Amino acid sequence: MNKSSSFTKTKLSTYTGLPNPILAIFAHYSNAIYLRMKKSVQNLKVVSNQRLNKDHALLELKSEVLLEGILPGQFANILVDKSQKVFLRRPFSIFQVDYKCNSIFILIKGIGEGTKALSKSLVGDTLSVIFPLGRGYTFPAKRSKVLLVGGGVGIAPLMLLATMLKQDNHQIEILLGARTGEDLVELENFAKYGTIHTTTEDGSHGTEGFVTNHALFGEELKSFDRIYTCGPEPMMKAVARLAHLNSVDCEVSLENTMACGYGVCLCCVTETTGGHRCVCTDGPVFDIKQLKWQN
Amino acid sequence: MNKSSSFTKTKLSTYTGLPNPILAIFAHYSNAIYLRMKKSVQNLKVVSNQRLNKDHALLELKSEVLLEGILPGQFANILVDKSQKVFLRRPFSIFQVDYKCNSIFILIKGIGEGTKALSKSLVGDTLSVIFPLGRGYTFPAKRSKVLLVGGGVGIAPLMLLATMLKQDNHQIEILLGARTGEDLVELENFAKYGTIHTTTEDGSHGTEGFVTNHALFGEELKSFDRIYTCGPEPMMKAVARLAHLNSVDCEVSLENTMACGYGVCLCCVTETTGGHRCVCTDGPVFDIKQLKWQN
Amino acid sequence: MAELSIDIAGLKLKNPVMTASGTFGFGVEFDDFFDLNSLGGFVVKGTTLHPRQGNSYPRMAETPSGMLNAVGLQNGGVKYFAENIYPRLLVYDTNILVNVSGSTVEEYIACAEQINELDHIAGIELNISCPNVKEGGMAFGTSCPAAEAVVKAVRKVYHKPLMVKLSPNVTNITDIALAVEASGADSVSLINTILAMAIHAESRKPVLSTVTGGLSGPAIKPVALRMVWQVSKSVKIPVVGIGGIMNSTDAIEFFLAGASAIQVGTANFIDPMASQHIIAGIDNYLDRHKFKSIKEIIGGLQL
Amino acid sequence: MAELSIDIAGLKLKNPVMTASGTFGFGVEFDDFFDLNSLGGFVVKGTTLHPRQGNSYPRMAETPSGMLNAVGLQNGGVKYFAENIYPRLLVYDTNILVNVSGSTVEEYIACAEQINELDHIAGIELNISCPNVKEGGMAFGTSCPAAEAVVKAVRKVYHKPLMVKLSPNVTNITDIALAVEASGADSVSLINTILAMAIHAESRKPVLSTVTGGLSGPAIKPVALRMVWQVSKSVKIPVVGIGGIMNSTDAIEFFLAGASAIQVGTANFIDPMASQHIIAGIDNYLDRHKFKSIKEIIGGLQL
Ligand SMILES: Cc1cc2nc3c(=O)[nH]c(=O)nc-3n(C[C@H](O)[C@H](O)[C@H](O)COP(=O)(O)OP(=O)(O)OC[C@H]3O[C@@H](n4cnc5c(N)ncnc54)[C@H](O)[C@@H]3O)c2cc1C
Ligand SMILES: Cc1cc2nc3c(=O)[nH]c(=O)nc-3n(C[C@H](O)[C@H](O)[C@H](O)COP(=O)(O)OP(=O)(O)OC[C@H]3O[C@@H](n4cnc5c(N)ncnc54)[C@H](O)[C@@H]3O)c2cc1C
Ligand SMILES: Cc1cc2nc3c(=O)[nH]c(=O)nc-3n(C[C@H](O)[C@H](O)[C@H](O)COP(=O)(O)O)c2cc1C
Ligand SMILES: Cc1cc2nc3c(=O)[nH]c(=O)nc-3n(C[C@H](O)[C@H](O)[C@H](O)COP(=O)(O)O)c2cc1C
Ligand code: FES
Ligand code: FES
């Protein structure tokens with residue numbers, strides 16, 4: 001159903017090393033067979049914690065086990081052991097992978113108990129992380145023009161996606177929306193993989209309004225082969241509607257409250273054309289045709 | 001019943017400033033009327049955390065509210081908010097008071113979840129502390145020869161006691177027992193207030209054996225007017241028995257599992273001559289005559 | 001500043017926040033912490049006709065997000081209360097309820113009669129749900145006929161507001177609530193503690209001297225909330241919500257579920273100021289959501 | 001290395017650690033994490049005669065030291081199970097139980113008959129305690145006559161070990177356990193989740209689509225432990241302990257209380273390796289305390 005499974009053994013022949021200083025060098029992929037990494041529970045060491053703005057933090061977590069292929073859109077379920085109020089793990093997209101340093105990056109927006117506690121992790125702390133989980137975004141079979149649309153912390157899965165799409169040599173436009181310019185993070189790193197566009201609700205950066213108010217959603221939209229999006233549900237629904245109207249393929253990454261994160265509790269279902277499906281295993285990435293989101 | 005209540009207004013006329021570098025200067029007491037401090041819930045800032053040995057830490061906690069008279073043997077009930085497993089507060093003796101810096105000291109031995117989490121407090125952390133709680137040790141009405149006997153972390157209430165007894169000009173002998181020499185902490189500071197004697201189970205420091213194996217518990221015991229003790233219950237019971245046999249007054253400080261720490265839950269009772277009594281309010285310090293501990 | 005006052009079948013509370021029996025001593029222990037007159041009311045320790053020593057030590061066990069207690073109604077008896085405690089309570093201007101327990105219907109009656117004489121006591125909370133005593137206690141609260149018998153008997157001798165405290169240890173709490181309502185209760189309060197147990201693995205012994213005890217604290221909040229919701233849909237008398245209320249958000253949840261007032265229990269141990277923070281937080285919630293009175297959110301769950 | 005194997009009325013477990021229905025998928029989801037053959041056994045998802053879509057989203061709420069679920073027995077039906085899942089389970093060399101639920105006695109019978117045909121299924125865990133379905137489910141587990149009826153009926157058609165899973169939402173769980181024992185159950189497992197509720201104060205809405213759901217996790221452990229203790233003193237058949245078991249210390253507590261085996265539920269979500277750590281920890285405990293076999297600590301609470 002979700003095409004990401006075809007990536008369990010894929011040749012990413014177009015890979016070239018990445019110049020991003022804080023991020024990955026995917027030497028691992030280079031001209032290599034891409035292997036699906038088994039999910040596992042690991043104790044990852046916090047090797048850096050950068051505060052990007054008042055509520056966003058970027059954690060780098062180092063693994064002792066050799067990282068294998070992680071797909072964009074896959075996520076990690078992280079235990080919050082420093083807060084008395086949090087019982088269940090919290091899911092986070094894998095923002096980036098640095099195969100050279102054998103570490104993953106997690107972008108965290110502090111909104112509640114769990115995210116705030118995690119964003120205060122200290123270098124040297126150990127976090128229990130289950131990863132990689134879920135099905136990620138799928139890649140176009142031929143060279144394509146793609147649009148990545150991220151809203152708020154929904155930009156998180158798009159960094160790894162952009163990185164890998166660029167390896168595959170696609171033409172990439174990236175549209176990032178936020179409430180204010182202050183809330184836009186990691187623009188410089190995104191700029192390495194594609195052309196950046198922004199919208200802000202208060203007009204302090206880029207176009208004023210929501211992402212769908214951007215000119216890209218006008219006539220030009222039809223020129224894209226595929227849209228990838230992640231962000232607040234109303235945003236993704238608006239993007240999906242316009243994608244459908246313009247007959248552009250579209251994949252969205254859903255959020256959901258999760259207990260397990262790997263398909264055994266059946267708590268994270270969403271309504272699909274095939275009935276209730278688990279967001280954690282059948283998603284988080286879905287083609288909008290699977291959801292009833294076209295209209 | 002417990003004579004500490006007579007201290008709610010007491011003139012500690014013999015007070016002189018203390019040379020202890022890390023500890024208190026009791027200018028507050030000096031020739032002053034001693035006022036009972038009201039119990040309150042305060043957010044205290046951790047201003048220092050010294051690790052004394054592998055499992056003992058000494059925290060200095062600074063208050064924003066003017067500290068008033070705190071009695072030796074009184075305790076503080078501290079919230080552990082950094083551990084997922086601890087729900088109730090944990091009680092700790094007030095080890096020392098620094099009225100000049102407006103701070104209290106807490107000696108913590110890490111034995112379980114709560115004590116381990118607290119002993120890892122970072123400078124700058126804020127701890128919610130209810131204090132001062134309970135009835136402390138009582139002071140002899142006339143100049144006396146007193147023996148302080150501490151076992152393990154039971155030395156905690158004895159530092160403030162020694163400090164204040166010295167202010168009152170009593171003759172003080174201090175006997176501290178532990179498993180090994182490594183486990184004996186704060187000997188130099190205790191030495192400022194009295195003559196130090198030690199016992200260790202492995203003989204690595206002072207007399208080999210338990211505190212009651214020390215020569216002080218021989219013929220000399222009768223020469224004391226009063227014994228103050230705190231430590232493991234079997235130790236205190238042995239001390240109490242010998243005190244009774246030698247007709248020496250004796251006060252013990254009891255431990256108990258506490259839910260509230262200030263007399264409202266009735267969970268912390270101990271059997272006394274007056275029936276079930278709360279350790280947190282009728283104690284933690286009891287005269288051995290109140291308990292059925294003479295034999 | 002929204003209107004916080006509420007009338008619980010004759011009990012006029014200045015705000016819907018009370019404190020729960022067994023977790024608030026006789027109130028006086030809180031004088032150092034805050035002005036008791038700020039409370040809607042408070043319920044003093046479980047009181048019985050005769051003095052009780054309570055259970056042996058240990059009486060307490062910490063559990064995940066909660067605790068067990070097995071105090072077993074230690075108290076000096078109603079006469080001791082009337083002579084030694086009651087005079088100290090006269091200074092307070094708030095609703096003081098006495099939580100009454102007994103091993104037999106006769107004991108309940110005799111105790112209630114004596115409390116009826118105490119002008120400054122606003123009402124009785126009839127405890128038919130104490131899991132920590134060998135006789136009576138919870139037995140009255142787990143069968144409809146027994147609950148009816150004790151409530152009817154006390155109703156005859158007690159002429160002020162009668163709140164009946166229900167046990168959660170039942171298959172169908174609405175049945176008990178309806179029985180109690182029909183027998184003359186002015187209001188019901190729920191829940192008391194859930195019968196539970198703790199074992200110390202290393203020593204292979206029960207943690208409590210009584211083996212089993214009553215579970216309280218945040219762990220039981222979801223169960224309490226469910227029962228308050230079920231009961232408030234079934235009875236016409238006001239429901240007072242109890243169980244794991246630690247902050248004003250918890251309290252709001254109980255109002256939405258149908259409680260007309262709440263009691264703060266175990267939270268007092270974690271923070272003696274809890275009730276004060278809760279009162280302030282309720283006020284803030286009502287203001288933020290533009291409600292003029294607490295009454296507007298009672299039972300206001302949007303289904 | 002102590003002897004960990006135990007016989008639960010015909011179910012030969014290599015160790016007393018199983019995983020609980022609804023928290024372990026069909027087992028196969030754990031292949032990445034560990035070798036399932038290390039388990040004493042596992043219980044697959046609740047299975048019904050007909051396929052069920054389960055309840056609408058949201059189905060989960062986090063609570064203090066626990067969670068609510070309202071999955072509502074989403075499953076493909078017993079036929080789907082037999083055709084699509086069962087073949088994938090043949091590779092495992094451990095005791096696989098199917099958790100069977102139904103809305104009517106007839107459904108239970110029909111479902112059990114089909115499972116009786118599956119050689120590699122070691123037994124049925126009869127779920128008479130699911131709080132999350134409108135019809136049947138918990139109703140069978142909260143009254144003795146209803147429990148008797150369904151257990152007797154299934155017993156007639158099912159000829160392998162029959163474990164009956166009890167509901168904690170009752171006044172007296174020993175009554176139900178005795179009824180179930182008399183009706184032919186080989187063992188009982190307890191507890192299922194406690195009926196509870198969560199409300200989102202800001203939106204004034206229930207968190208779950210079904211309003212109420214089942215509480216699981218460490219929060220309920222003290223209640224589960226009490227019930228296991230009560231039941232194991234009353235019945236002669238083996239008792240399997242479930243409820244908030246997160247680590248081997250918790251597991252040991254259940255054995256001491258009288259459980260002959262345990263099931264790990266919600267802990268699987270927090271740590272998929274939980275059951276593995278528990279097995280190792282039990283072994284370590286027995287060695288440290290110089291017990292030669294797990295059997296020596298079952299019911300070994302020192303009063
Ligand atoms: C697949 C996936 C990937 C994700 N990736 C990322 C990522 O990369 N970075 C990131 O920062 N986040 C990510 N998220 C979101 C992240 O998991 C959540 O923000 C996090 O779980 C919140 O936990 P918390 O403890 O901070 O908040 P909580 O304290 O649990 O609650 C958060 C807020 O939601 C509100 N809330 C709770 N329940 C309800 C309700 N029923 N109705 C309305 N409001 C409610 C609360 O009031 C609170 O303000 C991802 C989520 C998923 C499912
Ligand atoms: C008045 C008073 C003053 C105190 N002063 C000090 C002080 O100054 N410094 C200090 O370090 N400590 C002091 N203590 C002791 C301190 O409060 C305890 O060590 C602390 O509460 C333990 O908490 P924890 O979370 O670390 O341990 P927990 O994890 O709660 O348990 C500690 C240990 O006890 C064991 N245990 C628990 N229950 C039982 C049981 N029923 N039977 C046998 N064993 C059991 C556990 O296995 C565990 O190993 C004082 C106690 C009191 C009452
Ligand atoms: C230590 C303790 C003692 C209690 N004593 C009584 C009592 O005497 N009478 C009574 O009706 N309830 C008693 N209770 C129950 C509480 O009043 C309350 O119903 C219960 O604890 C649930 O609320 P909570 O979770 O907020 O504590 C006691 C609870 C605790 C924890
Ligand atoms: C998400 C979820 C789904 C469950 N589904 C079932 C089920 O289908 N059948 C059943 O008998 N019990 C089911 N249970 C109950 C568990 O098997 C177990 O009895 C309960 O959760 C208590 O144990 P725990 O606290 O270890 O989780 C479910 C529990 C959870 C959390
Ligand atoms: S979170 Fe458990 S199945 Fe998706
Ligand atoms: S700890 Fe509550 S009365 Fe002593």
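Only heavy atoms go into these numbers, but all of them, side chains included; no hydrogens, no water, no symmetry mates. As the structure is a computational prediction, the values presented were derived from the model and not from experiment.
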Atom of [X], atom of [Y] and distance for their closest heavy-atom approach:
X: C:Gly258; Y: C:Val239; result: O-CB, 4.2 Å
X: D:Pro218; Y: D:Pro222; result: O-CD, 3.7 Å
X: C:Met227; Y: C:Ile173; result: SD-CD1, 3.7 Å
X: D:Phe255; Y: D:Ala259; result: CD2-O, 3.2 Å
X: C:Ala146; Y: C:Ala139; result: CB-O, 4.0 Å

Quiz prompt | Residues from residues 273-303 of chain C approaching chain D under 4.5 Å (heavy atoms) | solution = C:Tyr285, C:Arg288, C:His289, C:Phe291, C:Gly300, C:Leu301, C:Gln302, C:Leu303
Quick check for you: among [options], which has the greatest number of heavy-atom pairs under 4.5 Å with chain D?
options: C:Leu215, C:Leu256, C:Thr63; answer: C:Leu256
options: C:Leu68, C:Thr142, C:Leu225; answer: C:Leu225
options: C:Asn172, C:Ile220, C:Asn169, C:Val228; answer: C:Asn169
options: C:Ser65, C:Ala257, C:Ser203; answer: C:Ser65

Quiz item: Roughly how far apart are C:Phe140 CZ and C:Leu126 CG, rounded to 0.5 Å?
Solution: 9.5 Å
Quiz item: Among all residues two or more places apart in sequence or in another chain, which pass the salt bridge (charged side-chain N to carboxylate O under 4.0 Å, His left out) test with C:Glu62?
Solution: B:Arg90
Quiz item: Residues in salt bridge (charged side-chain N to carboxylate O under 4.0 Å, His left out) with C:Glu181, at least two apart?
Solution: none
Quiz: residues 241-253 of chain C side-chain donor-acceptor pairs under 3.5 angstrom, not counting sequence neighbours:
{"unit_1": "C:Asn247", "atom_1": "OD1", "unit_2": "C:Thr249", "atom_2": "N", "d": "3.2"}
{"unit_1": "C:Asn247", "atom_1": "OD1", "unit_2": "C:Asp250", "atom_2": "N", "d": "2.9"}
{"unit_1": "C:Asp250", "atom_1": "OD1", "unit_2": "C:Lys221", "atom_2": "NZ", "d": "2.9"}
{"unit_1": "C:Asp250", "atom_1": "OD2", "unit_2": "C:Met246", "atom_2": "N", "d": "2.9"}
{"unit_1": "C:Asp250", "atom_1": "OD2", "unit_2": "C:Asn247", "atom_2": "N", "d": "3.4"}
{"unit_1": "C:Glu253", "atom_1": "OE1", "unit_2": "C:Lys221", "atom_2": "NZ", "d": "2.8"}

Self-check item: D:Val211 portion near chain C, given a 4.5 angstrom heavy-atom threshold
Solution: side chain
Practice problem: Could you tell me which portion of C:Gln230 (side chain, backbone, both or neither) has an atom closer than 4.5 angstrom to a non-hydrogen atom of chain D? | Solution: side chain
Exercise. Decide whether C:Ser56 and C:Ser209 meet the rule of one side-chain donor and one side-chain acceptor closer than 3.5 Å.
Key: no
Practice problem: Report the option among D:Ala196, D:Ala198, D:Ser167, D:Gly217 that has the most heavy-atom pairs separated by less than 4.5 Å from atoms of chain C. | Solution: D:Ala196
Practice problem: Tell me, out of D:Ala61, D:Ala201, D:Ala224, who's got the most heavy-atom pairs with chain C below 4.5 Å. | Solution: D:Ala201
